[in-house]
Amino acid sequence: MESEIPPPNYNYMGRSLDDLSNGDDSSSAFSDCNSDRSGEFSTASSQTRRLLLACASENSDDLIRQLVSDLESCSIDLQRQAAMEIRLLAKNKQENRLKIAQAGAIRPLISLISSSDSQLQEYGVTAILNLSLCDENKDLITASGAIKPLVRALTTGTTTAKENAACALLRLSQVEENKTAIGRSGAIPLLVYLLENGSFRGKKDASTALYSLCSVRENKIRAVQAGIMKPLVELMADFGSGMVDKAAFVLCTLVSIPEGKITLVEEGGIPVLVEIVEVGSQRQKEIAAAILLQICEDSLAYRTMVAREGAIPPLVALSQSGTTRAKQKAEALIDLLRQPRSGSKCS
């Protein structure tokens with residue numbers, strides 16, 4: 001079930017929705033990546049029973065210390081078991097996330113992310129994701145060198161490792177100064193690839209991470225150069241994708257730069273946006289109108305293209321029946337489209 005539409009001063013990922021030029025409502029389009037969703041463990045083993053008992057008790061400190069020690073064992077099996085149990089301990093309990101970090105687990109877990117053993121790598125990535133759900137751990141995870149191994153996992157990992165690496169990078173990107181470092185580490189093209197080729201969950205996780213990262217201008221440029229416009233337009237055009245809203249909100253951050261506008265038009269985005277204004281949900285219509293307004297503001301050529309696609313009738317309908325913000329966007333765009341065809345800047 002979708003979350004309730006937030007009030008105008010709602011903050012998401014450190015950004016005030018009321019202050020965004022597009023007036024978006026991205027909080028209900030995106031949901032934060034939660035702890036891992038890659039399945040639980042068999043309850044048959046004595047190790048797992050021990051772990052579940054520790055989770056239920058208040059005395060997990062001794063177990064955590066032992067698990068952290070096992071992470072640095074010479075035995076891959078012991079490392080795998082320890083990482084698996086740490087991952088579960090950190091999955092739902094905030095107190096355990098702090099205890100595990102304080103016990104020194106972060107550096108050895110990061111080392112596991114570079115393991116040639118795919119399962120060990122997956123457990124390392126997922127444990128770091130679960131630990132990153134605690135805000136107090138984010139700086140330590142970053143300072144311990146997690147960004148580059150997480151980015152490599154987007155290339156070398158299992159499907160689950162890639163998805164959870166995207167989620168972990170999202171969590172770290174919620175610290176503003178990390179966004180540039182993540183972008184410069186090579187994450188953006190890999191997230192764009194996951195957006196285009198991943199599972200449904202992978203596409204969702206990639207879009208959420210990209211939305212956060214692309215609040216920084218240099219990451220917007222990287223995303224456009226990595227070819228993000230093609231999958232965004234395709235996802236918006238497919239109303240059965242379940243990704244129309246997410247793709248549109250990512251796109252709305254990218255058309256604030258000239259490269260974004262140009263590439264959107266080249267990829268056939270205008271007809272898709274006009275169709276969304278005509279037949280999309282109320283939220284989809286609003287964000288599509290906001291995107292069209294951004295690309296038309298300084299371009300006579302683009303205004304002509306939008307008008308020729310038949311945008312004015314659905315915009316008039318939106319101006320009469322949409323939300324307050326949708327009406328404002330639609331009315332502003334109608335005024336632009338009805339301006340004389342001379343005396344304006346062309347793109």
Side-chain angles (χ1 to χ4, degrees), residues 1-6 12 17 20-31 195-196 198-201 203-204 206-208 210-211 228-256 260-297 299 301-339:
M1 187 171 118
E2 276 189 351
S3 59
E4 184 178 347
I5 294 175
Y12 179 67
L17 302 185
L20 290 178
S21 61
N22 57 19
D24 71 39
D25 183 29
S26 54
S27 60
S28 49
F30 292 104
S31 58
L195 177 70
E196 187 167 16
S199 65
F200 178 62
R201 184 197 154 189
K203 292 176 191 290
K204 290 202 309 182
S207 68
T208 309
L210 286 162
Y211 177 81
I228 194 173
M229 284 301 175
K230 181 176 181 289
L232 288 179
V233 170
E234 289 175 348
L235 289 168
M236 288 192 305
D238 181 3
F239 284 91
S241 70
M243 290 287 297
V244 175
D245 302 54
K246 294 175 178 62
F249 280 115
V250 176
L251 178 59
C252 202
T253 69
L254 299 174
V255 294
S256 64
K261 294 182 176 75
I262 293 167
T263 312
L264 168 64
V265 175
E266 290 175 346
E267 292 292 345
I270 286 178
V272 171
L273 290 165
V274 172
E275 183 183 14
I276 291 172
V277 174
E278 187 171 5
V279 300
S281 68
Q282 281 298 315
R283 182 172 65 189
Q284 290 165 0
K285 291 178 179 181
E286 181 179 328
I287 189 64
I291 295 168
L292 288 169
L293 181 59
Q294 285 193 77
I295 68 173
C296 286
E297 281 174 332
S299 173
Y302 294 163
R303 292 203 295 271
T304 301
M305 293 172 69
V306 171
R308 285 177 178 169
E309 285 296 329
I312 291 180
L315 286 168
V316 170
L318 184 60
S319 72
Q320 295 171 347
S321 63
T323 63
T324 300
R325 287 187 303 190
K327 289 177 180 178
Q328 291 171 347
K329 301 299 180 187
E331 289 168 0
L333 184 51
I334 291 167
D335 288 344
L336 271 180
L337 297 179
R338 287 177 170 168
Q339 283 180 4

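Being a predicted model, the structure only gives us computed values, none of them experimental.
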Query raised in the report: When rounded to the nearest 0.5 angstrom, what is the spacing between CD in Gln328 and OG1 in Thr323?
Result: 8.5 Å
Report task. Check Glu267 against Val233 and note the closest heavy-atom contact, atom names and distance. Result -> O-CG1, 3.8 Å
Query raised in the report: Can you tell me how far NZ of Lys285 sits from CG of Leu273, rounded to the nearest 0.5 angstrom?
Result: 14.5 Å
Query raised in the report: Distance from Lys261 atom NZ to Leu264 atom CG, nearest 0.5 Å?
Result: 10.0 Å
Requested in this report: State which residues pass side chain to side chain donor-acceptor pair (under 3.5 Å) with Ser199; sequence neighbours excluded, sorted by chain then number.
Outcome: Glu163
Report summary line: Correct closest heavy-atom pair for Met229 and Gly260 would be CE-O, 3.3 Å
Query raised in the report: Would a 4.5 Å heavy-atom cut-off, applied to side chains only, mark Tyr302 and Glu297 as touching?
Result: no
Query - CD-CZ distance between Glu275 and Phe239, expressed to the nearest 0.5 angstrom - result: 5.0 Å
**Report entry** Glu234: side chain to side chain donor-acceptor pair (under 3.5 Å) partners, not counting sequence neighbours
**Finding:** Lys230
Query raised in the report: What is the minimum heavy-atom distance between Cys296 and Val306, and which atoms define it?
Result: SG-CG2, 3.5 Å
Requested in this report: Side-chain contact test, heavy atoms from C-beta onward, threshold under 4.5 Å: evaluate it for Ser207 versus Met243 and give yes or no.
Outcome: yes
Report task. Taking the side chain as every heavy atom from C-beta outward, state whether Leu232 and Leu254 have any atom pair closer than 4.5 Å. Result -> yes
Query - Step-by-step side-chain contact (heavy atoms from CB on, under 4.5 Å) determination, Leu195 to Val250 - result: CA-CA 11 Å; Leu195 177 70; Val250 176; 5.9 Å; no
**Report entry** Which atom of Gly322 lies closest to which atom of Gln282, heavy atoms considered
**Finding:** CA-OE1, 3.4 Å
Query - Single hit among Lys329, Arg325, Lys327 for side-chain hydrogen bond (donor to acceptor under 3.5 Å, both in side chains) with Glu286 - result: Arg325
Query raised in the report: For Ser241, what residues pass the side chain to side chain donor-acceptor pair (under 3.5 Å) criterion, not counting sequence neighbours?
Result: none
**Report entry** Between CD1 on residue Ile291 and CE on residue Met236, distance to nearest 0.5 Å
**Finding:** 5.5 Å
Between side-chain atoms of residues 307-319 and protein atoms elsewhere (two or more places apart, or another chain), which donor-acceptor pairs fall under 3.5 Å?
unit_1	atom_1	unit_2	atom_2	d
Ser319	OG	Val316	O	2.6

Query raised in the report: Distance from Ile295 atom CD1 to Ile262 atom CD1, nearest 0.5 Å?
Result: 11.5 Å
Requested in this report: Before giving the answer on side-chain contact (heavy atoms from CB on, under 4.5 Å), spell out for Asp245 and Ile287 the whole-Å C-alpha distance, their side-chain angles and the decisive distance to 0.1 Å.
Outcome: CA-CA 8 Å; Asp245 302 54; Ile287 189 64; over 6 Å; no
Report task. Identify the two heavy atoms, one from Ala288 and one from Ile276, that lie closest to each other, and give their separation to 0.1 Å. Result -> CB-CG2, 3.6 Å
